Structures are given as C-alpha cells and as structure tokens.
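See structure below.
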Amino acid sequence: MDLNWFEEMEARIPKDGVRTRFAPSPTGYMHVGNLRTALYTWLIARHSGGKFILRIEDTDQGRLVEGATEVIYATLRKCGLTWDEGPDIGGPVGPYIQTERRALYGKYAELLVEKGHAYYCFCEKTESEEDSGNFDRAADPCRDMSLEEARAKVAAGAPYVIRQKIPAGGSTVFSDAVFGDITVENSTLDDQVLIKRDGLPTYNFANVIDDHLMGITHVVRGSEYLSSAPKYNLLYQGFGWDVPTYIHCSPVMRDAHNKMSKRKGDPSYEDLIAMGYLSEAVVNYVTLLGWSPRGEYAEREFFTLAELAEIFDIGGISKSPAIFDIEKLTYFNAHYLREMSPEAFHAAALPYIRQAVQNPALSTEEIAGLLQARCERLTDIPEKLDFFDALPGYDAELFTNKKSKTNPEVSRRMLEAVLPALDGLADWTVDGIHDALIGLAESLEVKNATLMWPVRIAAAGKAVTPGGAVEICHILGKDECLRRLRLGLDKLGG
C-alpha cells in the first residue's frame, strides 16, 4: 500500500473556507425536495463567500436515465444556481463524476481494512441483499477472519464485497445542525457494504470519500438519511478525518401524511415550468419550504436569489416537514409576473399568446399589456385570448348584466349609438376610442358601464376578458371591431 499516494491526495484538498456540494444522481427529473437541497447548499456557500461544487453520483448504474445529467445542468442554470467546480468546468479536486473516480474508492476501502474498520466479506449473497442492510454481522465468519487469510482468498479470485466493521458495543454520537446531537447504539447498526462485487462503491461510502477529498465543510441532505449518519461518523473516525457540518432537512410533503412523489402525480421542477410558473417564483417559494427568514426579514415573503444569499442562515431551517401548496406557489407566481418589466413579460408571454393569436396584424405587445396584471400562470394565457382571431359563438343573454344595468333592449340602443360614433372616428387610438365612448355615454345620460358592457360583449363574445372594451376594440382594429359590433347588433335584432 503506497502511503505516499494517500498523502498526496490529502495535500490536494482545498482549505479555502466554506465548501458545499450538490451531488444528485442522474436518475431523471429534479423533484422539489432535490431542488430545495440544491438551493440550501448553494445559499450556504454564497452567504459565506464559499465555493459551491456540483458532483454527479452515478455509481448506481442500474437506475441511470439517459439525458438526466443535462436536465440537472439545465435546471440549476435556470434557477441561477451557478457552480464553482463541476464536471463541465473542472476544478482542483476532479473528476467530479463518481464513476470517473472509481479507482479511488477501492484504495480507500483497502486502507480502512488495513486500519481494522472494514473487512472482506465472501458470503454468498445477492447484490440486492448486500445493499439492503439486512445483514446479521454476528453470523458472518468473515468479520473475524485474519487479514492474511482474507487477502489469500482475494488473491485466489474469490468474489467479495468490502463491509464496514461497526464496533460491537458502545454507542455513536452524531451531531446535526438542525436536529442536534443524536446517540445511536452500535448494536443497532449493520455492517454496510462499502465496495460492491462489481468494484463500484455504494452511495454511503463514495460520498464520504468524495466529501473529504473535495474539502466539503457543510453537507445538506434529507432527514431520511439521519439513520445512516452514525455510520458516516464511524467512517470519518476510522480514517481519522474531520466530520463536516451536517444539515438534515425534513421532507417536503404533499399533505400532512404523504411525501411528494412523482409516481403519485406530484410535479417536478420541469413540470412546474411547463405549468406556467416562473423559475424565480419557484426558487423563492421552495426556499421558504422549511426555512424562515429571521429578524427584520421575518415578515417578508418575496426575495430575489441575491437577497436570499445575503440573509440565509442555517438556524432558520425547521425540523418540521413542509407542505407544498400549489395555490401558494400560484400566489408567488402572480406577484413575479406583475413585477416584470413590460418587455420581459411580453417575451415570456409571447409563446403562449401565439398559441391563441395567429393573426400577425394584432399587436402582441398590447395583448401582453392587457394580461400582465390579470395573469397568475403563463399557461392561463391562451384560453383568455381565444376571441381575438375569431369571434366565438355566444348567446344574446350575455348582453344582460345587472350590475351594468343592461339587457337586450338597452344593449341594442347602445350599439346603435356606438356604431356611427366609432365609424366616424379618424383617430383609432386607445385615447381616441376612450374619449369617443365616454363622451357618448355622457350624451346618452347613461353610466359608462352601461355603454361599455355591450361593446365588449359584441367585440369579444365573452363575459370575462383580459381588458375592457376600449383596449379590445383598439387591438382588433377599426374594421374588425365595427364588423363585430354590427354582428352583435344583428343578434339583438337591431
């Protein structure tokens, strides 16, 4: 065993302050809980001026999904979670993909065997049994086999795994930044597999080796890993390494009793974007699922990513599970849509506007202006605009509105007055149309709403529209507007 090699590996480890890592497995979509882990990990690094590392943990080859690594990259970029080191940009402690680090893990497992904290196991078990943790260490003769005998069997080609050698008695104390100190009796821990028969490490072993060699100081993970945490401590102690600060986060729940699950129809990050939510709204909302700002920010809800990085502290993380509320996310999204510049909103809304409005003569900028204050999700847009390209069929009963004091007779009278007024209008602008209709209502001695209601119904054929009669008439253009008003008058028997 080349001890100089281990010393060289130690010498590579950065000692430049806080270093965090997000280490997803490329097994598909980015679920909300995984995104929250990435967010907290990134925020801890940025808050302290540290480094955020992206590592791909792909040792579970049977679960890999083609293209999933690209989904991870794209999701992090869309959310603004830039990384300082990673597979695509390199860094001082690469490679950053676990299968490319394969040669490391066997050497460290053998070092742990040498130190007496792991052993070669030659038991006839399937890989699934080895990984399940369902292992009776007291019944395993390999545990007490001499190192010389074990190495002879390895040299002879006997198949084996390397297992962690948990102390037979006593207890292990694990410290967590959220849950505090947790004491576990060693007798309750299993001798987990570290190196599988194919030579690849298990998740629990590889992430300890990588976290140490990459100089990771803070590890954020789900609270479901708390039960495994004492075994991590024993690995660190076995190597004589410092244990990083662990931050275990309670799960994100669909309701009080069920965790979010893609299999049960709960949305991933990509699903939420496809449902018309903005990344900024998703990031803001997900950060608040299990974390609360404190002090002067305690009552605030809306934060930019830069503001979150400035105020984020681990002490604000809750032990209690967080419930994902799609209505609350919708509320956040509506706020972010309204806060966009008109130009930015138009750019975001344009693909959805074009799903409903094909006529190139109609101004998408004006249509976006109608929508911005009335839109909660981008996917709501097409159904709001289905009347622009073609007047839908509608019932004359729509002309009756109690609040506007209209009925078919009143509406007919209004349209009969409006048509010549608009037909003679030379200035087809929003102000010109507005002034003409308001002036007409005054001359007819009716409320503005009494005149505007039938104009809007005739122009749009819908009771609910994004915008009023004036804006809709202007966007439609003079000829199309007058054509629709005449059709409305015909429907009323005028």
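No experiment lies behind these values; they were computed from the predicted model shown.
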Among Arg151, Lys165, Lys107, find the residue that satisfies the salt bridge (charged side-chain N to carboxylate O under 4.0 Å, His left out) test when tested with Glu114.
Arg151
Compute the ring centroids of Tyr331 and Phe302, then answer whether they are less than 6.0 Å apart.
yes
So which of Val178, Thr41, Ile317 actually passes side chain to side chain contact (heavy atoms under 4.5 Å, CB included) with Val220?
Thr41
In chain order, what residues pass the side chain to side chain contact (heavy atoms under 4.5 Å, CB included) check against Pro351, with sequence neighbours excluded?
none
Go through the structure and list residues passing side chain to side chain contact (heavy atoms under 4.5 Å, CB included) with Ser227, not counting sequence neighbours.
none
Listed partners of Phe6 passing ring-ring contact (aromatic ring centres under 6.0 Å, His included), at least two apart
Tyr108
Check ring-ring contact (aromatic ring centres under 6.0 Å, His included) between Phe387 and all other residues, then give those that pass, not counting sequence neighbours.
none
Going by the rule side chain to side chain donor-acceptor pair (under 3.5 Å), which residues pair with Asp325 if we only count those two or more places apart in sequence or in a different chain?
none
Hits for salt bridge (charged side-chain N to carboxylate O under 4.0 Å, His left out) against Asp84, two or more places apart or cross-chain, chain-then-number order -> Arg46
Does the salt bridge (charged side-chain N to carboxylate O under 4.0 Å, His left out) test come out yes or no for Lys78 and Glu270, once each step is laid out?
CA-CA 10 Å; Lys78 288 175 187 173; Glu270 288 180 300; 5.7 Å; no
Apply the ring-ring contact (aromatic ring centres under 6.0 Å, His included) test between Tyr225 and each candidate in Tyr232, Phe179, Tyr203; give the one that qualifies.
Tyr203
Less than 3.5 Å apart, which donor and acceptor atoms pair up between the side chains of residues 272-281 and the rest of the protein, not counting sequence neighbours?
unit_1, atom_1, unit_2, atom_2, d
Tyr277, OH, Thr330, OG1, 2.7
Ser279, OG, Tyr269, OH, 2.2

Using salt bridge (charged side-chain N to carboxylate O under 4.0 Å, His left out) as the criterion, list what pairs up with Asp380, not counting sequence neighbours.
Arg377
If only atom types and distance count, is the side chain of Asp211 paired as donor or acceptor with the main-chain N or O of Ile216 below 3.5 Å?
no
So Phe52 and Phe22, would you call those rings parallel, tilted or perpendicular, with 30° and 60° as cut-offs?
parallel
Could you go through the ring pair (Phe, Tyr, Trp, His ring centres under 6.0 Å) check for Trp291 and Tyr40 one step at a time?
CA-CA 9 Å; Trp291 175 81; Tyr40 289 2; 7.2 Å; no
Contacts of Glu110 meeting side chain to side chain contact (heavy atoms under 4.5 Å, CB included) (sequence neighbours excluded), chain-then-number -> Met1, Tyr120
Identify, with sequence neighbours excluded, every residue that meets side chain to side chain contact (heavy atoms under 4.5 Å, CB included) alongside His117.
Leu112, Lys115
The ring-ring contact (aromatic ring centres under 6.0 Å, His included) partners of Phe174 (sequence neighbours excluded) come to Tyr246, His248
With sequence neighbours left out, which residue pairs that include part of residues 64-85 fulfil the ring pair (Phe, Tyr, Trp, His ring centres under 6.0 Å) condition?
Tyr73-Trp83
